[in-house]
Every structure is written in structure tokens, then in C-alpha cells.
Amino acid sequence: MLADLLSLFFPPVCAGCGSVLNSAEKSVCTCCMSSLPRTDFHLQKDNPVERIFWGRVEVKKASAFCWFGQESKVQQLIHELKYRGKKEIGFLLGEIYGCELRETGWVDEIDMLVPVPLSRNKEISRGYNQSEWFAKGLAQGMALPLYRQSLSTIKKNGSQTFRSRYWRWKSVESAFFVRQATLLRGKNILLVDDVITSGATLEACATALLKSGVRSVSVAAIAFTPLND
Ligand SMILES: [Zn+2]
């Protein structure tokens, strides 16, 4: 009853446009949800997200739900998810996309989901890992298990202070390790992130997973924003 009273005076609003949500809507209104710029990369072989890993690490399949776009609705939703405590947005987007990926058969050879971890300090200050919340929704939509603590960050060493691209890459690579190698061995992993830009973090995670003996790594994210040349 208290919840009903509260929603009478403070009705829940859409995180995308601020309009009052109806009782069937959660976090994002139907209008905003249907206007999101989908990539449909899961229907496209050799799509732009798959291409960014070519020559870097073997990624079986890769896709992103939406285009990012500066000052777009997607950027707004991700901002709310990352900086305003709205983790349910991650879950909601994941659930919708997970169902789509399942219905199209994209997930057929995937055994489990693993989110890209945040550094410990960041996760403590934010209180949660936004990629993990997207992964929770995906796992629900796909009806697959989520192994949320399989990857972990390592405290970075001094190598990140080197300016060259190579050294920056090396410092990212050494920043992840696999914690549940026996559980993951021989399995097809779906690695989950929030926004894909250069793919450096995903490359480092995928490399660590493959070195630990997983069978394959695929990638899914909320949004994709290509690096400008
Ligand atoms: Zn809206």
C-alpha cells in the first residue's frame, strides 16, 4: 500500500524521456524503447563489432544491441545506468536483447555468460557493475547461466604509465585474470560489456579466457560506438 501511495505522489518516470510510466512499463517507456537505434548485428555475419577483433583475438560471434550516438537516447540510458544507480535499466535492456538473441538462434552454441569486471575500487564506489546487470538480463532472456565472478581485475602495475599504444595495450592485457578456470574449461563463453569502442578491454578479457582453456569466446554489449579515425 505504501508503494501505491508513493507512486501516486511520485509516479515512476521514463529514464529516456521523463514521461510518466504506465503500470505495464518498467524504467523505460514503450515509445523510447521502440525508438532505440538497433544495430541488428546479430543478423549480420562479419558485422562491424566482429571486425574490430580481427587480427587481435579470436572472437566467435559479436554483437551490440544499439548504436551509441552522442547525445542520443541510448547515451542517456547508459548514463542513468552507470552514474545514477539505475541498474534495472541494464537488466531490462539485457532481457529484451537476450530474448531476441535466443529467438534468432544466435545463442545456440553458448554455454554461459561472463561479465567484464570493473576494477574493485570502481565497483565499491558505484555499488555495482553495470555490465553485470546487463548480463543478468541477457542470462534471463537467454535462459543461460551467468558466472559473474569468473573474471577479475588485477591491480595495474607501472606499465600503464608508458605512453605508447603497445604498452597501454600490454597494461590492459595484464589487468584481468580468470578465477574459475575449471568451471569454464571447454565451454563457449559469452563475454558481456556495456559499450564497445576500441574493443581493448574485451580483447584483454577474451585473451585471458582463451589462455585459461575455454573453447570459444563471443561478445555482446549494450551499445557500439565506432572509433573515429
Ligand atoms: Zn520515454
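We count ligands from 1, going down the list as the structure has it; atoms in each ligand are counted the same way.
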### Summary
The single option from L191, I52, V57, T207 that satisfies side chain to side chain contact (heavy atoms under 4.5 Å, CB included) with L202 is L191
### ILVMFWY clustering at 4.5 Å (side-chain atoms), partners of W133
F91, Y128
### Message
Just to be sure I understand the site: which N, O or S atoms from the protein are less than 2.8 Å away from the Zn ion (ligand 1)?
### Response
C14 SG, C17 SG, C29 SG, C32 SG
### Message
So, using side-chain hydrogen bond (donor to acceptor under 3.5 Å, both in side chains) as the criterion, who are the partners of E132 when residues are at least two apart?
### Response
R148
### Task
Any pair with a residue in residues 31-44 that passes side chain to side chain donor-acceptor pair (under 3.5 Å), sequence neighbours left out, goes on the list, sorted by first then second residue, please.
R38-E100
### Message
Ignoring hydrogens, what is the shortest heavy-atom contact between A208 and V178? Give both atom names and the distance.
### Response
O-CG2, 3.5 Å
### Task
Identify the heavy atoms of G98 and L138 that sit nearest to each other, and give their distance.
N-CD2, 3.6 Å
